[in-house]
Amino acid sequence: MDATLFVLKDYFGFMSFRPYQQEVIEKIIEKRDFFVVMATGSGKSLCYQVPPLVVKKTGIVVSPLISLMQDQVMALKQRGVKVEYLSSAQKDYTIQGKAERGQFDILFMTPEKACTIPTSFWSNLLKEGISLFAVDEAHCISEWGHDFRVEYKQLDKLRGVLLDVPYVGLTATATEKVRFDITNSLKMNNPYIVVGSFDRPNLFYGVKQFNRGQYFIDELVEEIPKEVANGSTIIYCTTIKDVEQIYKSIMNVGINAGMYHGQMDGKSREESHRLFVRDEKQVMVATIAFGMGIDKPNIRKVIHYGFPKNLESYYQESGRCGRDGIASACWLYYTRSDFSKGDYYAADLKSKNQKKNCYGVIA
Ligand code: ADP
C-alpha cells in the first residue's frame, strides 16, 4: 500500500484523501515548498500531519495560539502521534531537549518561540532530520491580511537556517496580494501553490435589513438554537457598546450567553471562550476580537449585527460556522447607516493602498 495512504488509515482512520491532500503531501515529501489555500474544514491540517509520519522525521508547525496548539496536541496524542508544543511561556526545558533529539513526530511552536529558540536547537534537530516547516494561519504574516501578527514577520530569519527543509504555508483566506506577500515573506523557493474551492456547501448565507429595537431582538432570539444539541451561535457586533447591549437583551429573555471584546481583561476573555467551547454558554456575543482559534465544530449560526469590515473578513468570520459539515446559517443584519460606514472603510483602505502596497508600487 502507498505509504501516505497507510498513514492516513493507520493513524487517522480515514479511507481516502480529500481533494488536494495527497498532492500536497507528496510534494512536501519530495521537499517542495508549498502554499495551500483551502477553505475552513477542508482538511488542511492533514497536509502537514501526514508527511512527518511517512518520512519519520520531525515536522515543525508554527501556530498562532497556545489554545489551538493544545487542542491539536491532545487530538494527535489520542491517535498515537508523538507530539508536543513549545511556547516562550514554558519554563520546563524537558520537551525542548527531547524535541532537539528528534523524539517527536510533530512539534508545534508559537512564532515567538520559533524565532527565539537558540540556533543550536535547529542544528541539533537538523542532524536528526526535519520533514517540514509549516506555518499555519499563514495570512498572519501579511500586513494586508486581516490578522497581522508582527512575530510572524520574523519567521523569514529561519529560512537561512532551515535551508533544505520544505516550507509549507497554510491559510483559509488569502487574496492574490496576500498570497504574494506570504510566499515572499517566508522566502519560499518556487512554491507549488494550491488554491482549493472556497465554497462551503453546508453554509446558508442570508442578508436582512433591520431597525434597532425590541422587534429586532425578538427576531434575533428566534434565530438562536436553544438546545445544546442544536449547536451554538456567535453574534458579531461592530462596537463594544453593541456587544453589551445585545448581550443584556438576550440574557433578559433567558438565553445563556457569554460576552467577548477587547476591553475585557485577559482572564475574563479566556473564561468566556472556555465556557463557549465547552457548550456551557450557547451564544457568544462578541466583537471581532473573538477571532482566531475558534476551532469549534458545532457552531450552527454566525450572525453579524452590522456590516463586517470587508468581504475577506466576512468570509473568515462567518466561516467559523459549520466546521463539522452540518447545515448551518450565516445571517448578516444591516441598517442603512452601514453603507456610510462601508464607504468610510473603503476610503481608508484606498488611502493606505496609495501609501504602500506589497509590490512596492504607488497605486
Ligand atoms: P482545516 O484545517 O482546513 O480547517 P481540518 O484539518 O481541521 O480543516 O479538517 C476538518 C475536518 O475534516 C476534521 O474533522 C478532519 O478530521 C476531517 N478530515 C480531514 N481530512 C479528511 C479525510 N481525508 N477524510 C475524512 N475526514 C477528513
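Quick caveat, the model's predicted, so the values are computed rather than measured. Read the numbers this way: they start at 1 and go in the same order the structure lists the ligands and their atoms.
In this structure, K27 forms no cation-pi arrangement with F34, as its terminal cationic atom is not both closer than 6.0 Å to the ring centre and no more than 45° off the ring axis. Judged by a 6.0 Å distance limit and a 45° cone about the ring axis, R179 is not positioned over the six-membered ring of F35.
Classification of D33 and R159 as a salt-bridged pair holds, one side-chain N sitting under 4.0 Å from a carboxylate O.
Taking the six-membered ring for Trp, F276 and Y260 have ring centres at least 6.0 Å apart.
Contact residues of ligand 1 (protein heavy atom closer than 4.0 angstrom to a ligand atom; sorted by chain and number): F14, S16, F17, R18, Q21, A39, T40, G41, S42, G43, K44, S45, L46, R323.
Residue pairs meeting the salt bridge (charged side-chain N to carboxylate O under 4.0 Å, His left out) criterion with at least one member in residues 274-287, sequence neighbours excluded: E271-R274, D279-K296.
Applying ring pair (Phe, Tyr, Trp, His ring centres under 6.0 Å) to Y333 and the options F307, Y305, F216 leaves one that passes, F216.
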